[in-house]
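Heavy-atom basis, side chains included; hydrogens, waters and symmetry copies ignored. Keep in mind the model is a prediction, meaning the values are calculated, not measured. Residue numbers start from 1 in every chain, and the chains themselves are labelled A, B, ... in the order their sequence lines are given, proteins ahead of strands.
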Amino acid sequence: MTKQLLPLIEKIPQSILGFLEYSPSCWSSSLSKTTQAHARILKSGAQNDGYISAKLIASYSNYSCFDDANLVLQSIPDPTVYSFSSLIYALTKAKLFSKSLGVFSRMFSYGLIPDSHVLPNLFKVCAELSAFEAGKQIHCISCVSGLDMDAFVQGSLFHMYMRCGRMEDARKVFDRMFEKDVVTCSALLNGYARKGCLEEVVRILSEMEESGIEPNIVSWNGILSGFNRSGYNKEAVIMFQKMHHLGCFPDEVTVSSVLPSVGDLEKLDLGRQIHGYVAKQGLLKDKCVISAMIDMYGKSGDASGIVKLFEEFEVMETGVCNAYITGLSRNGLVDKALEMFELFKEKKMDLNVVSWTSIISGCAQNGKDIEALELFREMQVAGVKPNRVTIPSMLPACGNIAALVHGRSAHGFAVRINLLEDVHVGSALIDMYAKCGRINMSQIVFDMMPTKNLVCWNSLMSGYSMHGKAKEVMSIFESLVRTRLKPDFISFTSLLSACSQVGLTDEGWRYFGMMSEEYGIKPRLEHYSCMVNLLGRAGKLQEAYDLIKEMPSEPDSCVWGALLNSCRLENNVDLAEIAAEKLFVLEPENPGTYVLLSNIYAAKGMWTEVDRVRNKMESLGMKKNPGCSWIQVKNTVYTVLAGDKSHPQIDQIKEKMDEISKEMRKSGYRPNLDLVMQDVEEQEKEQILWGHSEKLAVVFGLLNTPDGTPLQVIKNLRICGDCHSVIKFISGYEGREIFVRDTNRCQISSNHVFTESHSIILHKFQPNSLSLSALIDSFQGLWSGLI
DNA sequence: GTAGGGTTAG
């Protein structure tokens, strides 16, 4: 029709057949025809006609020529709702949501009220943008015109509130809806499941039954995934069983939705049953099912299950590989995970941000901090952008080795991509800065977070606790209890740990009591460990031992270690022997117990016993790991090894150490070390002096930084009490803030248990080739050391 | 013209 007409139109004078010119059915069939028609419309002055212009806008929008459509729109003297609606529709369809909203606000500024065709589009836009405030305003507008009773408007409005996470508003809309169908009900079920409201889910299901709406597989899957996503694992499993009970058969989506919950609950039996069902139904070809299955076995600690599934699945699929990497790392097989990751790279697999984040966090959680940072660098070289999960995965690695420069650049990155409001990122930054000795930065990050969850508060408290700032920890705790958040066992660990470091016995007891009495938290091993430390440090050894005897569960090595360390401070042989006997059983591999016990004997002059312990240690072939500390001087982190005398500044260091020793004696300072040294050979004294990497590191720092600069030292082993006292003295003597931390994960026992030898000369530290090359290549000379 | 369900990283 158009084809026949167009040539005619060209020949007939416009003035006569104008109406034909304006018939959109003649020119809207292609973009070029639209453009031609537009030119003619302009020539004839017909653009002022609302209908013609609206059709032009619709046609341009239809061909995604939004600029042309906009030009037409702007040229209309009196635009109508109709003029705007086609552009809004097309922009929404093209996913240009913000632009769509912009056109609407222009329309509204003309005093035009959206009709029942525009409103669903607008709600869709608000849903996509999670623009709750805008959505609510548009809802109000629809109420004024009474269009909120339109079925389409209601449907989209309901969806908008759901997408914005406004369950209550969505529910109000839902309750007013005239037509409720299975789709709407499923959405509501999913929403309540995400909130963990099992009762509400059950109620809606029975209401559906009353209204004759039968839940379908999508409804059930929505319930399961909702519960799972919000961490309501038990509820997910309950509903899975209920669904099965009602005769609704799981499909691949059901299985992949419920398996993560099964894994979190470590219900290996149920997981295996599902595995059997899945195999029978032929669902083992689905990549999500396989990933979820691997994940389930990984969480349940069945490493062989992971490997078997992965090897049976023939396709190399990114998601499956990611689940495999995580499963391996989770079960301590991080070396195999690294090996597999290398293989995936070789095979040029499409590794995504989840793949990289998985391996990075696997390394960081298994003590491979340098590898984690190397992978983080490699990830960026590969052009994969880190996201809100990558950052909190790599930050612990920075904290563990005090790689402040890396941590700070991750912080900068987080700022650039606007992640500072994320509680995971914030908490990880607080922790990293605290571990790198920058507690003031932890405080700044904390203060700037708009919303804080318990993890953020706990990170800050543990940071101050690490720095031995008990007053601050207590005052943060007071602020915490004034919020709506309830402190948990971790909050109390920081409190007790801080009190024990500073010797606040009364406060320690008060918090210990408050924990169970006011908050119903049963004290765990770590809390007892703190209390033993607290009492031991206050010289109340017997009281500490009595507390251990009263413990409801079997004390672990941290508790006995705390007692043994306290015995060292008081040189109490009787209790030391009891504690050591327990530790020999609990930690037969730890040479620290032998060393500590022998030191206590030595302090008492019980040389026969000293020999016995040392001989036993030697006969067991035990060697002490070399002590190694890191210190940052300007922008370089130096590695300092215990007993290493090959440093170019050796003379200066020795001189400084002598000066400090003299000053200590002059001020009547009597570290325990002196007691041990009374009866030892000159040569051994020398070894004792050099046997501690943290002291060496501090002196090295003193010599190479301007007066007054704060120093931070990180140590690979637990820091011994003597070193702590000496460093505290140096700090006062030099007028410097000196922060010493060990990399031991067990915060409570840090700083209190000896593992450092006083008398055994250390073997040269040998970094493996991977760590060494990582240091040299990626950190561009950042790490140079004394090795 | 609106509208429902999946895996793997913190």
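Here A:Arg163 lies out of heavy-atom contact (under 4.0 Å) with every strand. A:Thr254 comes within 4.0 angstrom of nothing in the nucleic acid, heavy atoms only. A:Val182 comes within 4.0 angstrom of a nucleotide base, judged by non-hydrogen atoms across all strands. Counting non-hydrogen atoms under 4.0 angstrom, A:Asp422 reaches a base of the nucleic acid. Within the nucleic acid shown, A:Ser256 comes within 4.0 Å of at least one base atom, counting heavy atoms only. A:Gly222 comes within contact range of the sugar-phosphate backbone alone, with a heavy-atom separation under 4.0 Å but no base atom that close. Contacts of A:Pro396 with the nucleic acid, taken as non-hydrogen atoms under 4.0 Å apart, are absent. Within 4.0 Å (heavy atoms only), A:His159 reaches sugar-phosphate atoms of the nucleic acid but no base atom. Residue contacts shown for A:Asn121 are absent, as no nucleic acid heavy atom lies under 4.0 Å away. Contact annotation for A:Ser219: base contact, defined as any heavy-atom pair under 4.0 Å involving a base atom. Residue contacts shown for A:Val289 include a base, since a base heavy atom lies under 4.0 Å away. Contacts of A:Glu252 with the nucleic acid, taken as non-hydrogen atoms under 4.0 Å apart, include base atoms. Within 4.0 Å (heavy atoms only), A:Ile217 reaches at least one base atom of the nucleic acid.
Using the six-membered ring where Trp is involved, A:Phe174 and A:Phe158 have ring planes that are tilted, between 30° and 60° apart.
Listed in residue order, the members of residues 224-241 of chain A having a heavy atom less than 4.0 Å from DNA chain B are A:Ser225, A:Arg229. A heavy-atom distance below 4.0 Å to DNA chain B is reached by none of the residues of residues 298-306 of chain A.
For residues 418-434 of chain A, the salt bridge (Lys or Arg N to Asp or Glu O under 4.0 Å) pairs, not counting sequence neighbours, are A:Arg388-A:Asp422, A:Asp431-A:Lys435. Applying the salt bridge (Lys or Arg N to Asp or Glu O under 4.0 Å) test to every pair with at least one member in residues 347-359 of chain A, sequence neighbours left out, gives no pairs at all. Residue pairs meeting the salt bridge (Lys or Arg N to Asp or Glu O under 4.0 Å) criterion with at least one member in residues 88-102 of chain A: none, sequence neighbours excluded. Listed by first and then second residue, the side-chain hydrogen bond (donor to acceptor under 3.5 Å, both in side chains) pairs that reach into residues 275-289 of chain A are A:His275-A:Tyr297, sequence neighbours excluded. Within the structure, salt bridge (Lys or Arg N to Asp or Glu O under 4.0 Å) pairs that include any residue of residues 208-231 of chain A do not occur (at least two apart or interchain).
Under the rule for a side chain to side chain donor-acceptor pair (under 3.5 Å), the partners of A:Ser186 that lie at least two apart in sequence or sit in another chain are A:Ser219. Evaluation of the salt bridge (charged side-chain N to carboxylate O under 4.0 Å, His left out) rule for A:Asp175 yields A:Arg171 as partners, not counting sequence neighbours. Residues satisfying the salt bridge (charged side-chain N to carboxylate O under 4.0 Å, His left out) criterion with A:Asp335, sequence neighbours excluded, are A:Lys368. When the salt bridge (charged side-chain N to carboxylate O under 4.0 Å, His left out) test is applied to A:Asp169, the partners found at least two apart in sequence or on another chain are A:Arg166.
Remark: A:Lys299 does not engage A:Glu266 in a salt bridge, criterion side-chain N to carboxylate O under 4.0 Å. Under the 4.0 Å criterion applied to side-chain N and carboxylate O atoms, A:Lys308 and A:Asp302 are not assigned as salt-bridge partners.
Here the range on DNA chain B touched by chain A, meaning any atom under 4.0 Å from one of its heavy atoms, is B:dG1 to B:dG10.
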